[in-house]
Number of protein chains: 2
Amino acid sequence: MTSRKSIAARQDLAREGEKPTGMYLILEGWAMRCRQRADGSRQILAILLPGDLAIDPPHRPLNHAICSLTQVRYGLIPHPHFGEDTSELPEFMAALWRRQLETASIQLEWIANNGRSAYERIAHFLCETYARARCCGLASGNECEFPLTQQDLASVTGLTSVHVNRTLQHMRKDGLIELHGKRLVLLKPDGLGQAATFDAAYLRWPPAARALVA
Amino acid sequence: MTSRKSIAARQDLAREGEKPTGMYLILEGWAMRCRQRADGSRQILAILLPGDLAIDPPHRPLNHAICSLTQVRYGLIPHPHFGEDTSELPEFMAALWRRQLETASIQLEWIANNGRSAYERIAHFLCETYARARCCGLASGNECEFPLTQQDLASVTGLTSVHVNRTLQHMRKDGLIELHGKRLVLLKPDGLGQAATFDAAYLRWPPAARALVA
DNA sequence: CGAAGACTTGAAAATCATCAAAACGAGTGG
DNA sequence: CCACTCGTTTTGATGATTTTCAAGTCTTCG
């Protein structure tokens, strides 16, 4: 890793238009891929948790930004080199490849959001995010840190914050969740999963990232 | 490549629940990733054109099917092996890696659909698909083959076929497209691109696939 | 305490879904 | 060539979902 940096909440790790010089490895805190739209609204394209890598094509301007949600510690790892004279460790390449396949699986699941209702979308995102947070050791019991505002949830799901608010109230009335003060509690994980048709199988959690962090 | 196969239109190359034994390389024809939902409706998660690779985590059941849209010729390539004793060609690995990054870029773009209106979604899909088809040599002038029905378009965009129909009529009235008989014409590519806020930069087209096919 | 951001609420309007039926088109067999 | 069928496209009417706008309340934090 070339460097380790720290950055405050709600700042850019990389801006739209920049050409990434490496892969961003999140060491601590929450980050996201975030696109600014012409009308000023934002669209969140991915959530990055500790251990996650933001890998983008090298030498190409990003068409979105990579931003912190909370304070973030991160590292910038040079892009791997696959040429004849590669000096990369094979197990590093293997970990990277698995990671990328996992990322693709998560992205497919987000694409499936297009066919889901507001309630399903939000429920699915909460299930996924909780599961991922849990695997980074960020959850205890049925509870985890959750630094997204309802506005952020709206940017994730492509809904308005007003509708997110009402849908969350609906979920609370259904006794599925608690959500306040940057903290999420799954009161009925199974019920929520059912509402979201959530099946965690697409989430694999090899501790590849830990090898990279070490 | 272990084998080359041919399959009729609207058949499964791989079914949900199967564990893929390799990567599906499309040689000819159109294919898709397709999820069957509980209520019977389908959701199209990706379109696969000649030269495209469907790569999934090995040894894990697919949570969706890979199906043909038209008649398809394809090959099944063993998953790459990254161990110490890897026997893969470095340029093969490099091509594979670039391919996967490209796929991730396209997927991010589809995720952005969550924040788009029906008109934008459809316009964006048409732009992207035309651009990709063009790069496979499947387009001439502003015209290309387009084997998706309006029902398929609905499955891609997460809309109903009725609404897709009305939106297409709207586009025709705007003089942007012609679409009938499995053929798409972009009458005003720029106008359509503008309506979709489409920027082709995320599509890179290294002829990597050709190296794989050869 | 004050200010800024986040959350909540209500009413009206736009978008999109649902249901049902009709028109169109391509292919098949008589 | 015609009649028939099947899938696709088109149309209309109605209803649900979601957005928009605007205002109010609640938290958090300096």
Side-chain angles (χ1 to χ4, degrees), chain A residues 8-11 30 37 39-44 67 69-71 113-126 145-174 177-185 195, chain B residues 8-11 30 37 39-44 67 69-71 113-126 145-174 177-185 195:
Chain A
R10 306 284 171 173
Q11 303 295 317
W30 292 46
R37 308 184 74 230
D39 62 357
S41 69
R42 292 188 322 176
Q43 175 89 26
I44 294 178
C67 327
L69 271 161
T70 64
Q71 188 180 36
N113 272 339
N114 284 315
R116 298 193 178 112
S117 69
Y119 197 101
E120 288 174 308
R121 281 188 205 195
I122 297 175
H124 195 278
F125 176 74
L126 295 181
E145 183 193 359
F146 195 83
L148 305 217
T149 64
Q150 292 185 7
Q151 182 59 251
D152 293 326
L153 265 177
S155 302
V156 164
T157 53
L159 305 163
T160 58
S161 62
V162 172
H163 197 57
V164 165
N165 181 281
R166 293 196 232 258
T167 308
L168 285 177
Q169 286 177 54
H170 197 330
M171 273 180 203
R172 288 192 264 247
K173 212 168 285 171
D174 292 344
I177 60 163
E178 274 176 28
L179 178 57
H180 45 64
K182 299 176 189 266
R183 195 120 205 105
L184 167 67
V185 187
Chain B
R10 306 284 170 173
Q11 304 294 318
W30 293 45
R37 310 183 73 231
D39 62 357
S41 68
R42 291 188 322 176
Q43 175 90 25
I44 294 178
C67 327
L69 271 161
T70 66
Q71 189 180 33
N113 271 339
N114 284 317
R116 297 192 177 113
S117 69
Y119 197 101
E120 288 174 307
R121 280 188 206 194
I122 296 176
H124 195 278
F125 177 74
L126 294 181
E145 183 193 356
F146 195 83
L148 306 217
T149 65
Q150 293 185 7
Q151 181 58 253
D152 293 327
L153 265 177
S155 303
V156 164
T157 52
L159 306 163
T160 59
S161 62
V162 172
H163 198 59
V164 166
N165 181 280
R166 294 192 167 124
T167 309
L168 286 176
Q169 286 177 54
H170 198 329
M171 273 180 202
R172 287 193 265 248
K173 213 168 284 172
D174 292 344
I177 61 163
E178 274 177 27
L179 180 56
H180 44 64
K182 297 176 191 267
R183 195 122 208 107
L184 167 67
V185 187

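Every chain is numbered from 1, with letters handed out A, B, ... down the list of sequences.
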Enquirer: Given D/dT18, D/dT8, D/dG12, which nucleotide is nearest the side-chain atoms of A/His163?
Expert: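 Side chain of A/His163 sits closest to D/dT18.
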Enquirer: Contact class for B/Ser117 vs. all strands (heavy atom < 4.0 Å): base, sugar-phosphate, or nothing?
Expert: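 Sugar-phosphate contact only - B/Ser117 comes under 4.0 Å of backbone atoms but never of a base.
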Enquirer: Would you indicate, yes or no, if D/dT10 has its OP1 or OP2 atom less than 4.0 angstrom from a side-chain nitrogen or oxygen of B/Arg172?
Expert: yes
Enquirer: If I take atom OH in residue A/Tyr119 and atom P in nucleotide D/dT17, what distance separates them, rounded to the nearest angstrom?
Expert: 13 Å
Enquirer: For B/Arg10 and D/dC6, what is the distance between atoms CZ and P respectively, to the nearest whole Å?
Expert: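 About 18 Å, once rounded to whole Å.
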Enquirer: With respect to the side chain of A/Thr149, which nucleotide from C/dA6, C/dA20, C/dG10 is positioned closest?
Expert: C/dA6
Enquirer: Select base, sugar-phosphate, or nothing to describe what A/Arg116 touches, counting heavy atoms under 4.0 Å on all strands.
Expert: nothing
Enquirer: Among D/dA13, D/dT20, C/dC16, which is the nearest nucleotide to the side chain of B/Leu159?
Expert: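 Closest nucleotide to the B/Leu159 side chain: C/dC16.
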Enquirer: Expressed as a whole number of Å, how far does the P atom of C/dC19 sit from that of D/dT18?
Expert: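 To the nearest whole Å, 16 Å.
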Enquirer: Mind checking if B/Thr160 touches a base, just sugar-phosphate, or nothing, with heavy atoms under 4.0 Å?
Expert: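 Base, at least one base atom sits under 4.0 Å.
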Enquirer: Working to the nearest 0.5 angstrom, can you tell me the gap between A/Thr167 OG1 and A/Arg121 CZ?
Expert: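 One finds 10.5 Å between OG1 of A/Thr167 and CZ of A/Arg121.
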Enquirer: Using the closest heavy atom to pick a nucleotide of DNA chain D for each, name whichever of A/Lys182 or B/Arg166 lands nearer the 5' end.
Expert: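 Per heavy-atom nearest nucleotide, the more 5' residue is B/Arg166.
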Enquirer: Looking at every heavy atom in both A/Trp30 and A/Thr70, which two are closest together, and how far apart are they?
Expert: N-OG1, 2.9 Å
Enquirer: Below 4.0 angstrom from OP1 or OP2 of C/dC7, is there any side-chain N or O of A/Gln169?
Expert: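 Looking at the OP1 and OP2 atoms of C/dC7, neither is under 4.0 Å from any side-chain N or O of A/Gln169.
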Enquirer: Can you measure A/Asn113 atom CG to D/dT18 atom C1' for me and round it to whole angstrom units?
Expert: 16 Å
Enquirer: Tell me whether B/Asp152 contacts the main-chain N or O of B/Thr149 through its side chain, where contact means a donor paired with an acceptor under 3.5 Å.
Expert: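 Yes, the answer is positive, given that a donor and an acceptor are paired below the 3.5 Å cut-off.
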Enquirer: Can you find a side chain N or O atom of A/Asn165 that sits less than 4.0 Å from OP1 or OP2 on C/dC7?
Expert: no
Enquirer: Grab the CZ-P distance between B/Phe146 and D/dT9 for me, whole Å please.
Expert: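 So the two atoms are 10 Å apart, to the nearest Å.
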Enquirer: Distance check: side-chain N/O of B/Gln150 vs OP1/OP2 of D/dT10, anything under 4.0 Å?
Expert: yes
Enquirer: Please report the distance, rounded to the nearest Å, between CG in A/Leu168 and P in C/dC7.
Expert: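 In whole Å, C/dC7 P lies 9 Å from A/Leu168 CG.
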Enquirer: Tell me, please, which residues at least two apart from A/Arg37 pass side chain to side chain contact (heavy atoms under 4.5 Å, CB included).
Expert: A/Asp39, A/Ser41, A/Gln43, B/Arg116, B/Glu120
Enquirer: Output the rounded distance in Å from NE2 (A/His170) to P (C/dC7).
Expert: 20 Å
Enquirer: To the nearest Å, how far apart are B/Leu153 CG and D/dT8 P?
Expert: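 Checked: the CG to P distance equals 13 Å.
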Enquirer: Output all residues satisfying side chain to side chain contact (heavy atoms under 4.5 Å, CB included) with B/Glu178, sequence neighbours left out; order by chain, then residue number.
Expert: B/His180, B/Val185, B/Leu187
Enquirer: Check the distance between C/dC24's C1' and B/Gln151's CD and give it to me in whole angstrom.
Expert: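 In whole Å, C/dC24 C1' and B/Gln151 CD are 17 Å from each other.
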